[in-house]
Amino acid sequence: MAGQQAASASEDGGGPTATSKILTPKSRELSTPINDRDNAKDSFIQTTLRYLFINFSSTASSQEALKAKILFDKSRGYDQFKKHEYEKAPMGFPRLSKYIATNDEYQVYRGFNSCHIRLLLKYEVEITELEKRLEKLDEGDIANPDMTYRLRNTRHEPHWDTERRELENDLEAKLMKYDEILLKHAQVQGLARPSPRNHRSVFNWIWTNKPLDKGFDDFIFFANDMVTTKTCGSNYFEEFIEENIHTWLVSKLKRYLTTETERNMTSDVNVTYYSQKQLESFAGYLLICTTVVTLLLPVFLLFLVPMKPILMRLTAAVFIVALAFLLFVVTKGSMDRVFVGTAIYAVYFVCLGFC
């Protein structure tokens with residue numbers, strides 16, 4: 001009990017001394033948990049310092065760095081993180097789904113555009129027929145004074161004619177279904193289209209590994225009917241790198257774009273994962289270099305190379321057109337951005353006095 005003094009005898013005659021609401025242990029066994037915590041704390045600090053020293057030391061070998069990282073991850077519990085290991089899943093839908101989940105760019109699915117349209121056409125025809133029947137019924141009620149009440153109010157008694165009410169109920173049901181399909185269709189078609197490379201990546205894996213029985217993977221053949229749930233699209237430089245890196249012979253660049261995490265995701269030599277962070281940084285470097293060259297190269301040419309006025313204006317015009325084309329590619333056809341960027345670039349030449 002919280003406020004009660006306690007005393008217990010040990011085998012050697014020693015025991016905790018009773019004080020006011022405090023137990024002062026005399027035996028060594030009672031201090032063991034505290035010592036364990038201190039040792040664990042010292043071990044954690046030593047592991048962290050060793051990891052930092054080896055990582056920032058230029059003389060440390062790769063094996064030492066790897067060993068220090070393993071110890072560091074183990075001390076912090078990082079080694080217990082679940083990794084993408086789709087190859088351990090049973091072949092079939094389990095492995096296919098885990099493979100697609102390893103990369104957001106593999107999230108490609110059929111939009112079923114023609115199927116949505118076919119259902120919408122069916123409901124359009126049926127709703128139009130109901131609309132015609134309702135209008136014909138309105139004309140009949142106008143001609144019959146005993147039925148004009150159906151045009152002026154919604155009252156209904158059990159023994160009255162139910163034709164209009166049944167017709168309106170059918171119309172409501174089909175309209176609700178039509179609206180649901182129409183809105184869902186618009187929502188699906190509003191999703192981004194995957195790049196041909198991303199679709200081919202999933203297709204090639206399915207074609208090579210054949211996780212599903214014949215005929216059950218036919219959905220992947222509809223390349224023009226695919227949508228992706230990835231909301232953040234890649235820029236032009238990222239897509240250019242991912243599209244062409246497999247043809248480059250620069251092994252250091254490939255290693256830079258793949259960290260240890262990506263390399264451990266699969267043992268399949270036909271599958272390569274690239275670090276999104278490294279890819280974005282390298283694409284940023286390319287964008288900066290392209291921008292600097294585009295801005296400074298014409299200035300160096302016009303300043304350092306003797307030219308006639310007409311040739312200077314022609315050179316400036318060539319670079320303005322080149323920048324407009326570059327902006328069109330990078331912004332994926334955003335005309336307002338192309339116009340504003342090209343106009344500012346033209347003003348840039350005017351301020352330099354070359355036009």
Side-chain angles (χ1 to χ4, degrees), residues 92-93 96-97 100-101 104-200 202-203 206 211-234 328 331-339:
F93 285 106
L96 176 59
S97 61
I100 294 177
D104 290 341
E105 294 184 344
Y106 295 164
Q107 304 274 340
V108 294
Y109 309 98
R110 278 203 63 184
F112 293 103
N113 188 28
S114 61
C115 293
H116 280 97
I117 294 175
R118 181 166 182 171
L119 289 177
L120 289 173
L121 291 174
K122 168 182 173 292
Y123 278 106
E124 280 182 330
V125 172
E126 294 177 355
I127 292 173
T128 301
E129 290 299 320
L130 292 176
E131 183 183 29
K132 291 178 180 178
R133 288 175 54 189
L134 186 60
E135 291 177 351
K136 185 177 181 181
L137 190 60
D138 291 341
E139 295 175 357
D141 290 345
I142 294 174
N144 187 357
D146 296 333
M147 293 296 182
T148 54
Y149 72 93
R150 297 196 300 189
L151 301 176
R152 304 171 64 89
N153 59 70
T154 59
R155 288 187 303 151
H156 181 75
E157 297 294 338
H159 59 279
W160 290 359
D161 183 40
T162 61
E163 182 180 4
R164 176 182 292 275
R165 183 168 291 269
E166 293 174 355
L167 186 59
E168 290 175 344
N169 290 338
D170 292 342
L171 182 61
E172 178 184 6
K174 292 186 181 296
L175 271 177
M176 293 299 102
K177 196 65 178 179
Y178 174 81
D179 293 343
E180 180 183 357
I181 297 176
L182 180 61
L183 293 177
K184 291 296 183 181
H185 175 57
Q187 186 177 2
V188 171
Q189 292 303 308
L191 296 174
R193 294 293 186 271
S195 65
R197 175 184 55 81
N198 292 336
H199 173 260
R200 285 199 305 269
V202 181
F203 175 85
I206 294 178
L212 305 180
D213 292 339
K214 185 177 180 180
F216 287 83
D217 56 2
D218 289 347
F219 62 88
I220 201 63
F221 294 105
F222 294 84
N224 296 325
D225 190 36
M226 290 292 177
V227 295
T228 178
T229 56
K230 184 181 179 182
T231 56
C232 182
S234 303
F328 181 81
T331 61
K332 298 181 179 180
S334 179
M335 300 305 299
D336 54 343
R337 295 183 181 181
V338 173
F339 176 78

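Below, each value reflects all heavy atoms present in this structure, side chains not excepted, and no hydrogens, waters or symmetry copies.
Side-chain atoms of Met226 and Arg193, non-hydrogen and from C-beta on, never get closer than 4.5 Å to each other. Inter-residue side-chain proximity for Phe203 and Asp217 is flagged as unmet; no heavy-atom pair is nearer than 4.5 Å. Side chains of Gln189 and His116 form no contact here, defined as non-hydrogen atoms less than 4.5 Å apart.
Distance check: Leu182 CG to Leu175 CG gives 11.0 Å after rounding to the nearest 0.5 Å. Between atom CG of residue Leu119 and atom OG of residue Ser114 there is a gap of 10.0 Å, rounded to the nearest 0.5 Å. The NZ atom of Lys174 sits 12.5 Å away from the CG atom of Asn169 when rounded to the nearest 0.5 Å.
Other residues, nucleotides and ligands contribute only 12 or fewer heavy atoms inside 6.0 Å of the CZ atom of Phe93. Applying the 6.0 Å contact sphere to NZ of Lys184 captures no more than 12 heavy atoms from other residues, nucleotides or ligands. The environment of CG in Asn224 is sparse: at most 12 heavy-atom neighbours from other residues, nucleotides or ligands sit within 6.0 Å.
Across all non-hydrogen atoms, the minimal contact from Ile206 to Phe219 is CD1-CZ, 4.5 Å. Across Lys177 and Tyr123, no two heavy atoms sit closer than the pair CG-OH, 3.1 Å. Across Lys230 and Ala192, no two heavy atoms sit closer than the pair O-CB, 4.5 Å.
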Step-by-step side-chain hydrogen bond (donor to acceptor under 3.5 Å, both in side chains) determination, Glu180 to Tyr178: CA-CA 5 Å; Glu180 180 183 357; Tyr178 174 81; over 6 Å; no
Per-pair distances, 0.1 Å, donor-acceptor, side chain in residues 127-136, under 3.5 Å, sequence neighbours excluded:
{"residue": "Thr128", "atom": "OG1", "partner": "Glu124", "partner atom": "O", "Å": "2.6"}

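Between the side chain of Asn198 and the main chain of Pro194, no donor-acceptor pair closer than 3.5 Å is present. Checking side-chain atoms of Thr228 against main-chain N and O of Gln107 turns up a donor-acceptor pair under 3.5 Å. Looking only at distances, a side-chain donor or acceptor of His199 sits under 3.5 Å from a matching main-chain atom of Ile220.
Comment: Arg110 engages Asp225 in a salt bridge, judged by a side-chain N to carboxylate O separation of less than 4.0 angstrom.
Taking the six-membered ring for Trp and the full ring otherwise, the centers of Phe112 and Phe222 sit at least 6.0 Å from each other.
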